[in-house]
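For the numbers below, each heavy atom of this structure counts, side chains included, while hydrogens, waters and symmetry mates do not.
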Amino acid sequence: MLVTKPGDRVREVLRGVRSLVRRPDRAPEPSNTTPVESVYESLYEAFAQSSGDEGVGGGDYNEIGEIELDVLRACGLQPDSTLLDFGCGNGRLAIHAVPFLQHGKYVGVDIAPTFLANAANRLRSVMATGSCDVQLVHQVDERFSLPDDSIDMGCAFSVFTHMEHEDMYRYLTQLNRVVRPGGTMVISCLPLDLDYARVTFVKEAELDVAARWQRPRNVTTSVDLVNAIAQLAGWTVVRWLPGDEHQASSEAGEPRSLGQSIAVLTH
């Protein structure tokens with residue numbers, strides 16, 4: 001198992017963005033469980049330190065961030081909304097969402113300190129001219145340090161594509177607490193009815209267990225399984241936006257799609 005913790009350089013960068021990045025107090029882990037940071041945090045921090053500025057995922061970095069905002073706007077995001085960007089990475093969505101949320105709040109949560117430091121640096125330019133309240137939080141498990149019913153819309157783009165289904169359930173259960181009743185949760189995933197998802201599955205299957213866990217996993221799923229997990233976690237699936245179809249339009253009216261399928265949830 002690859003285990004890498006933030007080095008001196010990362011800690012120095014984090015001290016420089018302390019006004020933006022905070023780590024909530026956490027209760028000790030139960031002694032009969034493996035701490036999440038020994039798996040997901042270690043993998044993502046190691047990946048963040050080695051992958052440069054763009055982070056997890058391929059495609060055109062800036063365009064993907066734009067499309068993610070287009071999707072959220074189509075799902076009801078307003079300039080005065082409070083948005084929770086779970087798995088915010090190094091700010092791919094944030095750099096577009098923060099200027100849009102002129103009278104709102106952006107809360108970015110990620111497991112990797114290096115990603116958060118990069119996001120904070122990337123956001124400085126847009127924060128200097130905007131009025132959005134921005135908060136970045138380092139969080140290593142499913143316990144969100146946010147008040148109940150404090151979020152209008154949450155999103156998790158390219159997060160559950162790298163997480164086991166049991167952990168999807170654990171996080172969706174906690175997200176149910178922080179997203180207000182009637183609020184919206186937007187998640188992307190790779191159901192096997194997509195050609196790309198089937199290719200991804202076969203490539204993962206070519207690796208043994210140890211090799212699959214040497215970097216962030218690529219996890220495929222099915223529409224029925226996500227529906228069932230969401231329901232168990234207290235959510236209702238409002239609609240699906242298939243990854244191989246038109247999912248949202250740009251401000252200029254251009255049809256766009258992420259390539260991953262999107263489930264829109266409420267409760």
Side-chain angles (χ1 to χ4, degrees), residues 24 26-27 29-30 32-37 39-41 43-44 56 68 71-72 74-77 81-89 93 105-111 137-194 197 200-201 216-243 247 258 260-267:
R26 297 184 293 115
E29 292 282 351
N32 62 340
T33 64
T34 300
V36 175
E37 54 263 46
V39 182
Y40 290 124
E41 185 183 27
L43 291 174
Y44 273 94
V56 180
E68 290 173 348
V71 169
L72 297 181
C75 292
L77 186 70
S81 297
T82 295
L83 173 66
L84 170 61
D85 185 5
F86 170 46
C88 67
L93 168 61
K105 181 176 183 179
Y106 171 87
V107 182
V109 173
D110 204 88
I111 201 167
V137 181
H138 178 214
Q139 176 178 307
V140 299
D141 59 22
E142 70 273 17
R143 291 169 287 186
F144 292 87
S145 60
L146 297 168
D148 293 358
D149 307 333
S150 60
I151 301 298
D152 297 313
M153 181 178 291
C155 64
F157 289 115
S158 296
V159 174
F160 297 132
T161 52
H162 304 288
M163 186 181 296
E164 290 193 342
H165 290 94
E166 292 83 357
D167 294 315
M168 175 193 287
Y169 166 76
R170 288 162 66 99
Y171 277 97
L172 284 178
T173 299
Q174 291 299 314
L175 286 162
N176 189 292
R177 176 185 66 80
V178 300
V179 175
R180 64 172 175 78
T184 302
M185 188 70 204
V186 179
I187 66 174
S188 72
C189 57
L190 288 173
L192 286 168
D193 55 2
L194 297 177
T200 299
F201 177 83
R217 287 261 351 248
N218 295 311
V219 177
T220 53
T221 188
S222 72
V223 169
D224 287 344
L225 182 54
V226 173
N227 286 343
I229 291 171
Q231 183 177 9
L232 285 171
W235 294 91
T236 298
V237 179
V238 177
R239 64 184 180 278
W240 278 89
L241 306 174
Q247 292 178 319
L258 280 178
Q260 298 181 9
S261 292
I262 294 170
V264 183
L265 318 177
T266 191
H267 71 101

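In this structure, CE in M168 is found 11.5 Å from OG1 in T173, a value given to the nearest 0.5 Å. Interatomic distance, R180 CZ to M153 CE, rounded to the nearest 0.5 Å: 8.5 Å. One distance of note links CD1 of I151 with CG of L83; it measures 7.5 Å at 0.5 Å rounding. Rounded to the nearest 0.5 Å, atoms CG (L72) and CZ (F157) are 4.0 Å apart. Interatomic distance, D193 CG to D224 CG, rounded to the nearest 0.5 Å: 9.5 Å. Atom CZ of R217 and atom OG1 of T200 lie 11.0 Å apart (nearest 0.5 Å).
When side chains are defined from C-beta on, Y169 does not count as touching E142, because their heavy atoms never get closer than 4.5 Å. Between V238 and T184 there is no side-chain heavy-atom pair separated by less than 4.5 Å. Under the 4.5 Å side-chain criterion, counting only non-hydrogen atoms from C-beta, C189 is not in contact with M163. Using a 4.5 Å heavy-atom cutoff, the side chains of I229 and T221 are not in contact. For the pair V159/Y171, no side-chain contact is recorded, criterion being any heavy-atom separation below 4.5 Å from C-beta on. A 4.5 Å side-chain heavy-atom check between P181 and D149 finds at least one atom pair inside the cut-off.
Although no hydrogens or angles enter the test, the distance criterion places a donor-acceptor pair under 3.5 Å between the side chain of N176 and the main chain of G234. Judged by distance alone, the side chain of S261 and the main-chain N or O of G243 form a donor-acceptor pair under 3.5 Å. Under a 3.5 Å cut-off, the side chain of H165 and the backbone N or O of V219 do not form any donor-acceptor pair. Proximity of a side-chain donor or acceptor of R177 to a complementary backbone N or O of F144 within less than 3.5 Å is detected.
The shortest heavy-atom contact between V179 and D152 is CG1-O, 4.3 Å. Nearest heavy atom pair, residue S145 against residue V137, reads OG-CG1, 4.2 Å. Summarising the geometry of L241 relative to Q247, their closest heavy-atom pair is O-NE2, 2.8 Å, with the distance given to 0.1 Å. Between L175 and F86 the shortest heavy-atom distance is CD1-CD2, 4.4 Å. Nearest heavy atom pair, residue E41 against residue H138, reads OE2-NE2, 3.0 Å. Across all their heavy atoms, T266 and G183 have their closest contact at OG1-O, 2.7 Å.
No hydrogens or angles considered: a donor-acceptor pair under 3.5 Å links the side chains of Q260 and S158.
Qualifying side-chain contact (heavy atoms from CB on, under 4.5 Å) partners for F201, counting only residues two or more places apart in sequence or in other chains: L192, T220.
Sorted by first and then second residue, the pairs that involve residues 225-236 and meet side chain to side chain donor-acceptor pair (under 3.5 Å), not counting sequence neighbours, are N227-W240.
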Inset, instruction - Any chance you could lay out the side-chain contact (heavy atoms from CB on, under 4.5 Å) test for C155 and E68, step after step, and finish with the verdict? - result: CA-CA 9 Å; C155 64; E68 290 173 348; over 6 Å; no

Inset, instruction - Could you please spell out the steps behind the side-chain contact (heavy atoms from CB on, under 4.5 Å) verdict for V226 and F160? - result: CA-CA 10 Å; V226 173; F160 297 132; over 6 Å; no

